[in-house]
Amino acid sequence: MTKNKQPLTIVKMKTMKQQGDKIAMVTAYDYPSAALAEQADVDMILVGDSLGNVVLGYDSTLPVTLDDMVYHTRAVRRGAPNTFVVTDMPFMTYHSTVQETMYGVRRLMQEGFANAVKMEGGSEIALMVDACVKAGVPVLGHIGLTPQSVHQLGGYRIQGKTPEDAKRLLEDALALERAGAFGIVLELVTDQVAAYISERLSIPTIGIGAGAQCDGQVLVYHDILRYDPSYREKKMVKTYADIGATVRESIQAYVQDVKQQAFPAPEHTFSAGDEVVESLYGNANGTSVSNKKVQHT
Ligand code: KIV
């Protein structure tokens, strides 16, 4: 755990790539998840719109709003004041006009206190990336499986399985780099294609299900910890704990304790003392029935 660590900068990230130092990123959505991630020394936190799936209970990221992202980004910033925080631009907030894009970016940075924003898409959003970068806003790109386009992609499919697809991914990555993105998330991209893109770019790639050759990795907090009521194994994820089971079992034990009157026990109880008890119940025989009930101090 590092005290008062210096947050990563986009300049340092480029140096890390050049030196072969891997970047470790994790998602977080609230104060405790962010604080624990910062204590664990992550390089960057992503307030992902996976918020929709893992925290808000939607079946995709599409219903997540700008207000949701601002609210959760603020909480993350309070938990991780010394970590570089990137936040997702939610579905359809950066596709119509530069003005609308700027409105979203302004709120995420001024009200949410994010350091940077992430946008899904390739060449087609290069104009928006360029506008943000020119306004001084660091932008992280995101190509490959882009969950906001899940219906267009026909499901959560692996990308980069044909030569045409590999070429398209490379062109998108280069377009984002030219537009000024400081890095690019590669999601569910085949290993070799991700490796080739990473070699061709001067900016870091952050992989999720994109193999070990990316310049960094990102995973969803709830996946790492299996903090999910119906967790299913995912090939791209390594789990490090089973928090879901721990939470379920702990709450079950609490419920049992309450039913069996094992909680609260004397050590969890505050006593008012004899004077107060006597003022309430009287002390006709020296000891009232009620006082006996409140014997533990
Ligand atoms: O929303 C998210 O958590 C993401 C990561 C999966 C990269 O975009």
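Remember, it's 1-based here, ligands and their atoms both numbered in the order they're listed. What you see below is based on every heavy atom in this structure, not just the backbone, and it leaves out hydrogens, waters and symmetry mates.
- Per-residue contacts place T27 under 4.0 angstrom from the following atoms of ligand 1 (heavy atoms of the residue considered): 3 (O).
- There is a side-chain donor-acceptor pair under 3.5 Å between S202 and E177.
- Near D49, the atoms of ligand 1 lying under 4.0 angstrom from a non-hydrogen atom of the residue are 1 (O).
- At a heavy-atom cutoff of 4.0 Å, ligand 1 is contacted by the side chain of L46 but not by its backbone.
- Using a 4.5 Å cut-off on side-chain heavy atoms (C-beta onward), Y94 and E120 make contact.
- Classification of the F263-Y254 ring pair by plane angle, with boundaries at 30° and 60°, yields perpendicular.
- By the criterion of a heavy-atom distance under 4.0 Å, the side chain of I208, and not its backbone, is placed next to ligand 1.
- In D88, the part holding a heavy atom less than 4.0 Å from any atom of ligand 1 is the side chain.
- Residues S50 and Y29 have side chains that bring a donor and an acceptor to within less than 3.5 angstrom of each other.
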- [ ] Determine, step by step, whether E233 and R226 satisfy the salt bridge (charged side-chain N to carboxylate O under 4.0 Å, His left out) criterion, reporting the C-alpha distance in whole Å, the side-chain angles of both residues, the deciding distance to 0.1 Å, and the verdict.
- [x] CA-CA 9 Å; E233 296 286 339; R226 288 187 182 230; 2.6 Å; yes

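- Close approach to G48 involves these atoms of ligand 1, each under 4.0 Å from a residue heavy atom: 1 (O), 2 (C), 3 (O).
- The contact set between ligand 1 and S50, taken as ligand atoms under 4.0 Å from a residue heavy atom, comprises 1 (O), 2 (C), 3 (O).
- Checked against S198 for a side chain to side chain contact (heavy atoms under 4.5 Å, CB included), the options D215, I184, I203, I206 give a single hit: D215.
- Counting heavy atoms under 4.0 Å from ligand 1, residue K118 touches it through the side chain alone.
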